[in-house]
Each structure stands twice: as C-alpha cells, then as structure tokens.
Amino acid sequence: MSTIAHERFEAVIGLEVHAQLLTKSKAFAPVAAQYGEAPNTQVSPLCLGHPGTLPVINENLVRYIIKMGLATDCSVAPKSIFARKNYFYPDLPKGYQISQFDTPICFDGFIDIELDEYDKRIGITRIHMEEDAGKSIHDQDPYNTLVDLNRAGTPLIEIVSEPDLRTPQEAYAYLTKIKQIVQYLEICDGNMEEGSLRCDANVSVRPRGREKFGTRTELKNMNSFRNVEKAIEFEIYRQIELIEEGGEVVQQTRLWDTTKNQTRVMRSKEEAHDYRYFPEPDLPPVIVTEELLADIKEELPELADVRQKRFMEEYAMSENDAVTLTESRYLADYFEEVVSFTKSPKSASNMVLSEVLRVLNEQSIDIGEFSVTPERLAELVKLKEEDKINSSAMQDIFNAMLGNKKSPEELAKEMNLIQVSDSGFLEPIVDEIIANNPDEVQRYKEGKKQLMGFFVGQAMKASRGKANPKLVTEMVSKKLQN
Amino acid sequence: MSTNSIAEIREQILNENLSLKDIVTDYIATIEDQDSEINAFVSTYFEEALSEAEKIEKKIKNGTAGSLAGAVLGIKDLICERGRQATCASEILGDFESVYDATVIERLKAEDAILIGRTNMDEFAMGSANQFSRYGAVKNPVDTSKVSGGSSGGSAAAVASNMVSASLGSDTGGSIRQPAAFCGVVGVKPTYGRVSRWGLIAFASSFDCIGPFANNVEDAARVLQAISGFDEKDNTSANIPVQNYTEELKQPNRNIRIGVPEEYFGEGLDSEISSNINETLKKLESEGAELVPISLPHTKYGIATYYILATAEASSNLARFDGIRYGHRAEKSSVVEELKEEEGRLREEFKDDQVQLDLALSKMDSALIKLYKKSRTEGFGTEVKRRIMLGTYVLSSGYYDAYYAKAQKVRRLIQEDFKKAFEKVDVIAGPTTPTTAFDQGAKLDDPVQMYLNDIYTTSANLAGICGISVPSGSHSNGLPIGIQFLADSFQESKILNAGRLVELLDK
C-alpha cells in the first residue's frame, strides 16, 4: 500500500454508538439491571419472553436519553414512538427488540471534538432508546449454546453520527468525547471493554474532491477505542487497495478480528435482515412536555467544555492542565473538593496532576477507586502551605498515605518530616557543612552563587529532609557573606 | 339447574341456607354430564373450586365476601393463571403453565370468584367458529351440529350450557360478541384500555380486550365491574375512573338515542336476522328510545383493515413461540436427521459440480434455523400459520406502505366515523353477526368467507370502542340471534343499559 495512493483517497466514517444506561431497573420491566450476577437471576417473566407479559416504560430511560440529547445540542421530539425490530435469535426472548425507528426522541445535534492540530464539529443524526438482548454463550458447553437473559431488556441508547468523520483519529476523538459526556451526565459508565459502550462503524472511501460517497461496509466487534481506530484504519486501507487493484467495494458487514488485526466478512447485503419495523402497540407514544424538558435541563451538570474554561479562569490554570483535570468528571470533582478544603488551587492542582494521576496510572484504577480522600489530600496540601513540610517530604508523605488511613500530619511526625525552622537545631548543621566543604565555600565566595543549592541539599540530607530550605538558605548566605 | 343471577345466588346462600359447595357440585355435575359432547373446557380444577367454595361461603355468611362471591367462572385458555396451563389451544405451548396471575385473575380472586377451569378457544384466538383448537371443536349447546362461534367458543358454550355462571373471553375482532350471539348469551367487549391486558396472551396487542360472558346483563356488568380499571402493569390501560355499572343498571334509562347505521343492514345479512333486529329496535322505540338513521361510511373497509393490522401484530407477538425457552421444541435428533438428508440430497444432485454444490451447501439452514422452522411448523396450526405469513408479508420492506401504513390510515377514518356518530347518538345498534351459527366443518376451506363473519364486530376493535351482544330471540332455524350495541370509549354503562332494555322486552 503506497502512501501516495492513500493520499488520493479520503475516508468517510459514521459511528453508531450504543451506551448501556445506569438505570437501576430494566427498560421495560421492574427488575434490577445488575451486572455480574449468576446467569438468569436478574429476570422477570417479561425478560423471559413469557406469554401475556407487557412492557412498562422506565421513566428514567426517557430522562437519561433527554440528558444526552441536550448535552449534544439535539432537538427533543415532543412526541416519539417505540417500534418493534423483529428477528429470531435465542438470546432475544420476545422475538423482537423494542427500539425506535422513524421517530427518534433526539435528533439533529452535534459534538465538538479536539485533535492535536484542529477542532471539528461532528453532527449527530439521532439518538434513540432501545432494549438490549441477552447473551449467547458458545464456549462453556461442548454441545449446547447457553443463554443468559440477565442483560435482556437492559436500557440502551444508540447515538448515530453523521458521516462527518474522516480519519480513524477523529473517530477515536469522537468516542472519547462521547465517553466523557455520558460520564459527566452519569447515565453510562462508559466502559467499552466491559461492553457498556459499544461501537459499530460505517466506512467508505472516495477519491479526494469527489462529492458522492463510496460503497460502505459496516464494522462490528470492536471492543476498545483503540480497536475501533485500528479496525477503521485497516478497513480504509483494504478498500483503497481494492479500488486501486481495479476491484469494487461490496456492501457488507465485517467483523474485526482482534487476534489477526483485520476485518472479515460477516454477512453480505443480500443476507441482511428485513426487521419488519412497526409501531410497538404495547407502549403509548413518549410525550415530552416543556415542563419535563425544563426539569431535566435543571438537572444537567456542568459539562467538560464549560468546566474547563471555568477552571482556566477561576483557578488561573493553563489550558493543558484544565483539559487534563476535566477529562473525567470524577477527577474534576475530586480536584474541586480538594480545593474546597484548602483554598490553594495551585498546590491542589499540582498534587492531582502529578501525584494522583501517577498513582492512578500505576495502579490502573479510576479516581473513584483511589484510596486517598480529597479531604486527606487537602490536609497534606495545607501542611505544605503552612510550611510545616517541604516539597520532598510532601511526596514521601503522599506515598505513605496510599497504604493507610493516618492523617498526613500524623505521618509527617512519625516519619520525622515536620520541617524544622528552629535555627538552634539548624545552626550546628549549617556550621558543619561549611566546615566540611572548604572548596565550595571558597568558590561561593568568589561569586559562584549557584552553589547555594549544594549547601541546601547537604543540609536537607543531614537533617533527613526536615530542614526548612528557606531558612537554610538565609543562614548560609548570612554566614558566607563576609 | 339454576339460572339465577350471581346476586340472587348469593342472597340464597345467605338467607335460604343454600350451600355454595352444592352449587359448585351442580356445576361440576353439568360439566361432567355435558362437556364430553360440548367440549367447552380444556382443563378443570374441581378440587380447588370445592375448597374455595367452603371458604367463600363462610365469607358470605360473615359479611366479608367480595362482589363475585357465589360466581363460578371459566377462563379462556389464554388468560394466565399462576400454576395452571395456558396453551391458547395450541400445540406450540406444549404443557406450558403460567408463573403468574393475569391482573383480571387477581381481581376476580380478590372479589371471591371461583375459577373452575380453562375454556376452549380457537388457537391463539384466531378463528370465528372454534374449530381451530388442539383440543377439537366446541359445539353449540343450542344445536350441537352447529359451531359455537369463536374464538371464545368455550367460554360462550360453558355459560350457555350452565356449566358456569360466567366466563372470561377475549375479543380482538369479535371473539366475544360473535360466539355470544351464536350461543344465545350476553358477551361484552369493553373499551380498549378499560381492562388490563397484563396476563392476556397477545394475538393483536392494539385490538385485544378481555371481557365477560354471562346469562344476563347484570352478571356481565358485575364481572366487568370487578375486572375493569387502571393497571400500572399495562401501559395501554386507561387511568380513567370506572363507572358503577351494576348500580346504574338498577334504573335503566329508556329514553336513549339509538343510531342505526345503514351499512349494518346491507347485502349478506340474513333477512330474518334483519327483521328480528328491526323489530327489537321498534319495540325499544315504542318504550321511549329514539331511532336515528346514521352512516358509518368506512364500514366496508373494516375487514380488510382489520386483517392487515391484526395479522401484522400477530406475526410479531407470536415470534416468542420459538421452542427455545418453553413450549414445544422439535426433537433434536429429527432436526439433525433432516439436515443430514438434505445435505445428502444436495451432494447427490451436484456431485459433478463442486461450485454449485458449495453454493447449495452454504445456503442450507443452520441447525438453529432448522430448529425454529421445525418447532414452529409442528407447533402452529394452519390458520395461525396463515395469519403469521399474512402479517409478515404486510410488514415486509417494500410492502409496508401499501398495506400496514395504509391500513393504519383507514383505521383512523373508521375511528372518525364513530366519533361523528356518537355526537348524535348514545349507542349504535345492529346485528352482531350476518348469519346464525353455521354447521360444524363449514367454511373451513374458505378463510375469506370465515373472515366475513366478523363484518359487524371488527369495527369496534379498530375504533377501540365498547360493544355488547345480547340475545334477541330466535331464528326460525331455532338458533339464537344476537343484537349488538356499540358505545363510545369508556361508556360501558350505555351498552349495558341498552342490553338491559332488550332483556326487559321479553318479560
């Protein structure tokens, strides 16, 4: 594959993202939607497709999707209907999925994405509600496929983008943004590896400058953001190569094979299902009143973009720092809570950006699982602000805090790190350093003032980190003045 | 056998030392005596009925009994009762038992009704003669050479032959009113949304209504009263207060305006039925009613519209009967066998052409698809298959607009017809059926003739309004004739009132 050929073509990408909602109960049945429970225990007669059962709309499903619609500048339909999508599969107990077809509740919105070199607005065609299917398990019994219906009927929203994306990197940035939004709204945990976010991609290529879209393929089975990026990349190259060789792209659904890092055919257009959509007669139309809309708007949290700007203004933060801190709602919440206890945003952001993020990375955990509460971190920041400890001690105490519940001050005392600002204690130490290092003293006196760092370092070492560096500096410069 | 009303029976238990257990025993004796011929019941629960009778009798005596104490009911085999079979008279459900009570069952039990058994029906409520049942046809108690009507034939026949005091059926296109007319009993199709469908095995969700059969309007009203009302388990049930049906019946209103649609007395209507209904209406007029000629211009599209929309919904509703989780599943070995045979046949046919062979083999059904096809082929009867295919067809891409979408538009026109009519009249009257009960076995080969039997009943289901059929004397062939009254949504009191007026004419 030559890069030159690649440059002659442009890819057109649209994404369909499914987000599993964090409602307590299922979409249409009053039964818990818990994950990780024993198979077929989170079920009601409705989830089992028993005859005579009827779906009842979970009000929170409507509230959650409207939040998503508002967060992506969508119009919200005052009246929309559910539709049945009919197909047979063992993990689809009713033989149809309740979804929305020609009247999605949210439509015509957009999401702004940021890439290294440019920002871009991606159109949202529609967002609609539907229920999930169960799980077919093919690898636990040599002779039978097993079906777990715990997931059957859990609420999903499907977010369909316009074909506005042009590169795998844009697709990645778009997904990251969706994840950020659903997390900010607290409607989905955004975990793609565990399947609470799922993504299908429609990909086609066309010669640059041409208006008309090429024939598209639909990519499925990509279970991480990176895989989406890789699969799209592979598919773009595959299509360009095919066209370059005089072939034609065939409309089909292709699966991403994670082990082989390539896409392969799942089914062709001819084999596509006729889902026979029709209005769901068991559910009345979803009516969204002005009052409901106003009520939900009231509930909307501050979203990342707005929060980022506020951080820059309110805490005099660099754009980079603000972006990092607001990337996850929970990290931003954590930071603001630390600030509320300290009134020292600068030290708080330094601590969170350097130390806290380092630990999260090392331990591969989310801020929610982080062992140090904002209040304890704030106490540590305060110790430093009050000059009770120095920066190196701060780092040591922070590390010590990870493993226990003691207060930072207690730890500082235990570790003997409370800064000594007592000249009576420091005087002999400083004198000894001056006595032991005549060469450095000589050079300092000759004007090599940078050697101050050396003397302070020696003092820190001799005091085992407890010396107040400011005081040591004062003392040394005074003693070496003449 | 007593044909006293439920209220009278209760009175007798309280004041004349009549025993409810004896009454139940009498019903059991009638069932045992007659049902081998009539075939109204598909399963019975005599022991439970007798022990319930003892408990309820005590409640009657100590004044804590519900409004249906003294009533013994049969339940159509598509309304779920916990721990009892629910087969819709279909092989596909095998020996399925429901794990929960339908809302109507909870309400009947709360009012101390005794539920004695499950009544026969057309498979999945699809039919107008109760001839499509895995348990065999139901015979008309008035003349056993005739059909009972359907699809709630068992529920109608059980009441007509005094095997129960009342019963529940379901009406999707006339399945309560038509058998009620054929068997000479009262049958009520309530307004869509009046009675919860939770626990009613769906045929066509936007049409299906549960309603009562009884020997008189008062009992029908009493049962209807018990089962009506909002239910949060059914999003299509209406949160509108229920009228006091039984109370309002005590002082029937004779000065009502009755709309008489010309379209209900046209071609195809038996002339004797026509004159019978006109005579009944004349009598009502002489007692104070006003007869208003009206027109329901879209009536002629009713049957076609109904059979498109109802079958479309049915094709989806019946998808869950796939042999995977419950009910009938084809033998695994026979599925494997068939696949092997098919493969063998293809290998023989294309033995000289590897390319054709590979193509043919790749198009073979997977074992799963084969299992679905075989289970459903074995489990569903002819009429059900016909309607599933019809419904699948009208929803298919490329046909949806021509059939389903268009039928939905016509449905709205039919609703408009009624809306306009009810601005002028309290009720609309006409014959329930174009003919009296026909011979067993007739029309079996001619589905369209069979569907035409629903000509006067389907409109009410399309419009969602309520209707009642009450006996209006007999035909010269000895069979009962039913008169139908329709009223606007949630105006059940009006049809019950009109039915009561007809009852009073005989006295």
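Naming convention: chains lettered A, B, ... in sequence-line order (proteins, then strands); numbering from 1 in each chain.
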- Given side chains that start at C-beta, do those of B:Phe207 and A:Pro281 come closer than 4.5 Å, heavy atoms only? no
- Heaviest contributor of heavy-atom pairs below 4.5 Å to chain A, chosen from B:Gly199, B:Ser206, B:Gly327, B:Cys88, is B:Gly199
- Task: Might you confirm whether atom CZ of B:Arg82 has over 12 heavy atoms from other residues, nucleotides or ligands at distances under 6.0 Å?
- Result: no
- Measure from the ring center of A:His50 to the ring center of B:Tyr100 and say whether it is less than 6.0 Å. no
- Query: For B:Leu78, is it the side chain, the backbone, both or neither that has a heavy atom under 4.5 Å from a heavy atom of chain A?
  - Reply: neither
- Check each atom of B:Tyr192 against the heavy atoms of chain A and say whether the ones under 4.5 Å are side chain, backbone, both or neither. side chain
- Between B:Asn317, B:Ile79, B:Leu93, which shows the greatest number of heavy-atom pairs under 4.5 Å with chain A? B:Asn317
- Give a yes or no on whether B:Glu331 atom CD has more than 12 heavy-atom contacts from other residues, nucleotides or ligands under 6.0 Å away. no
- Query: Do B:Arg320 and A:Tyr96 have side-chain N/O donor and acceptor atoms under 3.5 Å apart?
  - Reply: yes
- Message: If I measure from the heavy atoms of chain A, does B:Glu232 come under 4.5 Å with its side chain, its backbone, both, or neither?
- Response: backbone
- Neighbour count >12 (heavy atoms, 6.0 Å) for atom OH, B:Tyr403: no
- Note on the structure: What one should report as the nearest heavy-atom pair of B:Tyr400 and A:Pro279 is OH-CD, 3.4 Å
- Message: Could you report the tightest heavy-atom contact between A:Arg84 and B:Ser205, atom names first, then the distance?
- Response: NH2-OG, 3.6 Å
- Toward chain B, the part of A:Asn86 with a non-hydrogen atom under 4.5 Å: side chain
- Flag side-chain contact, heavy atom, 4.5 Å: A:Tyr89 against B:Leu368: yes
- Is it the case that more than 12 heavy atoms not belonging to B:Lys406 sit under 6.0 Å from its NZ atom? no
- Message: Checking the side chain of A:Asp274 only, and the main-chain atoms of B:Ser397 only, is there a donor and an acceptor separated by less than 3.5 Å?
- Response: yes
- Query: Would a 4.5 Å heavy-atom cut-off, applied to side chains only, mark B:Arg197 and A:Asp282 as touching?
  - Reply: yes
- Counting only heavy atoms closer than 4.5 Å, note whether A:Pro30 contacts chain B via side chain, backbone, both or neither. neither
- Query: For A:Phe28, is it the side chain, the backbone, both, or neither that has a heavy atom closer than 4.5 Å to a heavy atom of chain B?
  - Reply: neither
- Task: Answer whether the closest heavy-atom distance between the side chains of A:Arg276 and B:Thr392 falls below 4.5 Å.
- Result: yes
- Can you establish whether the number of heavy atoms outside B:Lys374 located under 6.0 Å from its atom NZ is more than 12? yes
- Message: Minimum heavy-atom separation for A:Phe278 and B:Ser316, please, with both atom names.
- Response: CE2-CB, 3.5 Å
- Side chain from CB out, backbone as N, CA, C, O: work out which of these in B:Lys363 comes under 4.5 Å of a heavy atom of chain A, or both, or neither. neither
- Per-residue contact mode, B:Tyr399 against chain A (heavy atom under 4.5 angstrom): neither
- Which residue out of B:Ser396, B:Ala405, B:Gly398, B:Cys80 racks up the most heavy-atom pairs below 4.5 Å with chain A? B:Ser396
- Task: State, to 0.1 Å, how close A:Thr53 and B:Trp198 come at their nearest heavy-atom pair, and which atoms those are.
- Result: CA-CZ3, 3.6 Å
- So, the part of B:Asp208 with a heavy atom under 4.5 Å from chain A: the answer is neither
- Where along residues 41-48 of chain A does a heavy atom come under 4.5 Å of chain B, listed by residue number? A:Pro45, A:Leu48
- Query: Hey, what do you get for CG (A:Leu92) to CD1 (B:Ile324), rounding to the nearest 0.5 Å?
  - Reply: 11.0 Å
- Query: Around B:Arg107, counting heavy atoms of other residues, nucleotides and ligands shown, do more than 12 lie under 6.0 Å from its CZ?
  - Reply: yes
- Contact listing (chain B partner; residues 132-152 of chain A; heavy atom under 4.5 Å): A:Tyr143, A:Asn144, A:Leu149
- Item | Interface moiety of B:Ala312 toward chain A, non-hydrogen atoms closer than 4.5 Å | backbone
- Pairwise side-chain contact, A:Leu54 with B:Asn235, heavy-atom cut-off 4.5 Å (strictly under): no
